[in-house]
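Here the structure is laid out as structure tokens; the discussion comes afterwards.
Every chain is numbered from 1 and lettered A, B, ... according to where its sequence line falls, protein lines coming before strand lines.
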2 protein chains.
Amino acid sequence: VPSLDERRPPRKRDDEVVAAAAKVFYERGYADATVQGVADELGILKGSLYHYIDTKEDLLFRLFEKVHEDVEGIMGQVSSAEGLDPLQRVGLYIRLQVMHNLNDLERISIYYHELDRLGADRRASIVAWRRVHEKFVSGLIQEAQEAGLASRAADATVLSNCVFATIIWPYRWYRAGADGDAASVADACVAYVLRGIAGGAS
Amino acid sequence: VPSLDERRPPRKRDDEVVAAAAKVFYERGYADATVQGVADELGILKGSLYHYIDTKEDLLFRLFEKVHEDVEGIMGQVSSAEGLDPLQRVGLYIRLQVMHNLNDLERISIYYHELDRLGADRRASIVAWRRVHEKFVSGLIQEAQEAGLASRAADATVLSNCVFATIIWPYRWYRAGADGDAASVADACVAYVLRGIAGGAS
């Protein structure tokens with residue numbers, strides 16, 4: 001049996017499959033959604049979808065992987081941006097991350113609510129990956145603290161959890177159209193976070 | 001048929017019932033939990049529990065009501081505290097709210113995840129209540145803005161959502177024992193929020 005990786009469809013198709021799965025899981029709830037429903041959303045036969053996956057859980061796991069690929073892209077951009085001090089780097093990260101989340105509310109909603117649906121091994125791999133992400137953010141904050149640009153009064157881990165809160169929460173309240181465009185929400189979040197971690201710097 | 005209100009048990013018993021429901025719903029998941037399980041947790045017969053409620057959903061709704069009663073207590077304390085400027089009032093609110101949430105992670109977890117299990121009318125009443133709570137917080141922030149103590153650059157609604165994020169998120173990452181005591185997490189959140197909304201004040 002080929003692994004999921006070997007059977008992965010071409011990138012564009014893969015994006016479409018995950019987008020369709022996100023939409024169907026979001027609308028019907030993961031528990032009630034079916035592979036047939038995702039195939040219908042894609043306008044293909046269920047058999048064609050089973051060419052890539054064996055189970056509904058495979059679709060869910062691919063959605064999680066896709067979120068991680070995107071966040072890795074963001075972390076890469078932030079790490080390689082030139083001419084930024086550590087605090088500006090935090091700002092760039094928040095902006096990219098909030099914009100990304102607001103532009104894909106359905107997928108992010110699944111990502112934060114359906115972890116328990118994955119089998120133990122996959123769940124463990126997601127949790128391990130989240131640790132890497134958390135370390136990246138707390139690392140940025142620590143650099144800012146060491147450069148005297150962020151408050152040293154609070155622990156970098158607590159601060160980075162406060163930062164995660166600010167990034168993640170918008171998916172719970174933001175409604176496109178009613179709450180302004182994603183860019184201005186992102187700007188407000190960047191300003192809030194930068195003030196939140198910066199004040200009291202020596 | 002007497003209403004739920006008329007059948008409400010004495011306060012202490014009511015607290016115990018909700019605490020037991022929170023524990024059982026949290027551990028087994030609401031969908032899999034049973035009224036029998038809650039009765040077992042209380043060490044009483046299922047029939048005694050049915051004296052107060054008709055359905056599992058009644059238990060869930062009572063849990064939601066209890067959260068609201070507690071938050072109303074916090075809002076009352078914040079409103080009636082004397083000698084505080086609007087920004088200090090925000091600080092007091094955050095501190096009380098974070099402490100409260102960290103001391104009752106199971107109940108808060110249910111509160112944020114199981115709203116969809118309630119029937120339409122009850123769900124609507126919870127959503128309406130949440131609006132009152134949001135208005136309270138955005139009102140405090142607006143007062144701080146008008147007093148020149150908080151940034152006017154961002155909309156009070158976006159800022160209050162950032163504040164809610166900081167208050168609510170700890171239930172997703174805080175583990176008692178491993179992450180310091182609730183009071184120091186609350187202090188860090190207060191400092192983060194106050195800096196986050198205050199900076200840039202005229």
(message) Under a 4.0 Å threshold between the charged nitrogen and the carboxylate oxygen, would R62(B) count as salt-bridged to D15(B)?
(response) no

(request) Rounded to the nearest 0.5 Å, what's the gap from CD1 on I74(B) to CE on M99(B)? Could you check? (result) 10.5 Å

(request) Please round to the nearest 0.5 Å and tell me the distance separating atom CZ of R117(B) and atom OH of Y30(B). (result) 7.5 Å

(request) Go through W173(A), Y112(A), F164(A) and name the one with the most non-hydrogen pairs under 4.5 angstrom from chain B. (result) W173(A)

(request) With a 4.5 Å cut-off on heavy-atom pairs, point out which of A165(B), G180(B), A191(B) contacts chain A the most. (result) A165(B)

(request) Among the options C162(A), G29(A), A188(A), pick out the one with the most heavy-atom pairs lying under 4.5 Å from chain B. (result) C162(A)

(message) Before you tell me yes or no, could you show the steps for E134(B) and R130(B) under salt bridge (Lys or Arg N to Asp or Glu O under 4.0 Å), namely the whole-Å CA-CA distance, both residues' side-chain angles and the distance that decides it to 0.1 Å?
(response) CA-CA 6 Å; E134(B) 284 158 21; R130(B) 285 182 181 178; over 6 Å; no

(message) Only pairs of heavy atoms separated by less than 4.5 Å count here; which of I168(A), V163(A), N161(A), T157(A) has the most with chain B?
(response) N161(A)

